[in-house]
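When reading the values below, keep in mind they use all heavy atoms of this one structure, side chains included, and skip hydrogens, waters and symmetry mates. All ligand and atom numbering here is 1-based and tracks the order in the structure.
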Amino acid sequence: MTKAANGVQAAGERRFDVVIVGAGFSGLYMLHKLRGLGFSVHACEAGSDVGGTWFWNRYPGARCDVESMQYSYSFDEALQQDWHWSERFATQPEILSYINHVADRFDLRRDISLDTRIETAAYDEAAAEWVLTTQEGTRIVARFCIMATGCLSAARIPDFPGMADYRGRIFHTGHWPHEGVDFGGLSVGVIGTGSSAIQAIPPVAAQAGHLTVFQRTPNFSVPARNWAMTEAYEQSWKRDYAALRRRAREETRSGTIYEFSDKGAFAVDAETRRREYERRWQAGGANFMHAYNDILIDKAANDTAADFVRGKIRETVANPQTAEALLPHDHPLGAKRICVDTDYYETFNRDNVTLVDVRREPIERLTPAGLRTGERDYAFDAVVFATGFDAMTGALDAIAISGRGGATLKEAWSAGPRTYLGLMSAGFPNLFTVTGPGSPSVLSNVIVSIEQHVDWIADCLAHLRKHGIGTIEPEQTAQDDWVAHVNEVAHRTLYPQANSWYMGANVPGKTRIFMPYIGGVNVYRQLCAEVAAEGYRGFRLVGAPALQTGQERHAAL
Ligand code: N01
């Protein structure tokens, strides 16, 4: 309730053309873009500062597995030229300082309310407005509501019995204390072996007196082989940044430039394949996945890469029993998000690290001292839950969203998320999601996907304003067709074969359906552009009083 210039202010109520929920990478760029177009716009952020996922995920070892030269905004040439990344893969603190730099550089903070959690968002059909309420009861009213809430922001702790009994400290990687945690000499348990755990385990093991890792499903991980940024590498990007960014956006499926192969795995002989896998393994990073173009489509091709990685795990881990336990067998390589690590497998050679296979020895409950498995009791000073997120839908479910006729988004999506192009959902006019389910989002360099969504939504709102259109909403048939298409494309690949969070399989009771769109950011971008060019094909646009822009309102005042 600070600046009247932000919008008309009644007691406990604020009004804007557009309200954005979230001030991570999506929310910040959305705010910048819409403000530039003259909309009155405000962002509400639950955290005490900007940054979204990079604000919350401060666990030791957290860093991005997309190269820093690519995992950054492309919308401003001066920004991308000025910013210097210090490593091949940026650490969480460096990414967070970049996000803060962006917020300051574009003077975004004046239109962001921090520590402001949105609890409800209800569509008022008569007024054609969204009414949001914060945890403190402030009403925020806006014609358009944009959910920039992130796909991996609803942290999940499994519902083990005895949670309240445990007397040690409990952490979740996705809600890490800002002051950091000193594990020096402590006995620590880590539950989970996904990307977060695989990054956290080596630095925690280096500090802890003893670390016990509870693994339910072994994951495939490839070495990052991070290095300090070199002037030559930085300049190889900066010299031609605009063209390289365009290539990532328009010519790649993942929004990231890798060394893509145009060959299938069986187009070459076994020794050539081995050498190629070895070369990519030594170079590090998720580029490994692109050694052959059928690794995520053909199980036999996938097996060649998976066998190679299993061989590396056996070579690295000294204890043969531990090595066997670490071998992933239950899903194709990459069908769960590939992990990228620094010394993960090597960490199991330390004397102070023990691996517990939770499938053989299930966790039964937490106890005052630690936890109890089917076989024994463990005592810990601290337990780290690296147990992931209610992905893609969790952050939206956490807000009571109701659309036409009071129907809730939760009900509308009870059999899995239903969207048109991952942008909007039928029955919820003027409500947009950035990188929501049904869009490439988590299968891509998410910043590329964010920028595409933000640009598309901003163009759409400008179009509505220009033509005096009050509401936009997907047609049911267009949405049904899109949902079917998203599923159909997913099932042409190996992805649905894994019990992954992409499928909602990590949350008990969640409908199993492949949530992101796997068709590729290049194809998807083209599709979204065509839809807009054809007068927003598949959307119902209904006239209403034209929007009053922020600028016009100020002039009127
Ligand atoms: O979460 P996850 P995450 N008992 O869901 C286990 C991104 N990310 O935070 O596989 C025992 O992958 C669970 O076991 P299982 C990235 O997109 C990116 O690690 O369900 N174990 C699994 O091992 C990533 O994919 C970066 O059998 C239980 C783990 O907890 C996504 O975030 C870094 C359990 C959860 O793994 C999520 O990664 C970090 C239970 N009851 C994250 N419940 C980079 O950019 C769950 N588990 C590098």
Problem set entry | Y73 ring center within less than 6.0 Å of F25 ring center |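 Between F25 and Y73, the centre distance is under 6.0 Å.
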
For this session: Measure centre to centre between the rings of Y292 and Y277, then say whether the value is under 6.0 Å.
Result: yes

Name each donor-acceptor pair under 3.5 Å that joins a side chain in residues 368-376 to protein atoms two or more places apart or in another chain, with its distance.
from : atom 1 : to   : atom 2 : distance (Å)
R372 : NE     : D377 : OD1    : 2.6
R372 : NH2    : D377 : OD2    : 3.3
T373 : OG1    : E361 : OE2    : 2.8
T373 : OG1    : E375 : N      : 3.1
T373 : OG1    : R376 : N      : 3.1
T373 : OG1    : R376 : O      : 3.3

Exercise. Listed by chain and number, what are the salt bridge (charged side-chain N to carboxylate O under 4.0 Å, His left out) partners of R88, not counting sequence neighbours?
Worked result: E67

Exercise. Looking only at heavy atoms, which two atoms of W456 and F432 are closest? And how far apart?
Worked result: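 Answer, listing the atom of W456 first, then F432: CZ3-CE2, 4.2 Å.
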
Between ligand 1 and the protein, tabulate every N or O atom pair separated by less than 3.5 Å, reporting distance only.
from     : atom 1 : to   : atom 2 : distance (Å)
ligand 1 : 9 (O)  : S196 : OG     : 2.6
ligand 1 : 10 (O) : T217 : OG1    : 3.4
ligand 1 : 10 (O) : K336 : NZ     : 2.8
ligand 1 : 17 (O) : R337 : NH1    : 2.9
ligand 1 : 19 (O) : S195 : N      : 3.0
ligand 1 : 19 (O) : S196 : N      : 2.8
ligand 1 : 19 (O) : S196 : OG     : 3.3
ligand 1 : 20 (O) : R216 : NH2    : 2.9
ligand 1 : 23 (O) : T193 : N      : 2.8
ligand 1 : 23 (O) : G194 : N      : 3.4
ligand 1 : 25 (O) : W501 : NE1    : 2.9
ligand 1 : 27 (O) : R216 : NE     : 2.8
ligand 1 : 27 (O) : T217 : OG1    : 2.4
ligand 1 : 30 (O) : A386 : O      : 3.2
ligand 1 : 41 (N) : R216 : NH1    : 3.4
ligand 1 : 45 (O) : D65  : N      : 3.2
ligand 1 : 45 (O) : D65  : OD1    : 3.3

For this session: For T393, enumerate each residue passing the side-chain contact (heavy atoms from CB on, under 4.5 Å) test, keeping only those at least two apart in sequence or located in another chain.
Result: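 Per chain and number, T393 pairs via side-chain contact (heavy atoms from CB on, under 4.5 Å) with D390, D397, W413, P417, P437, K510, M515.
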
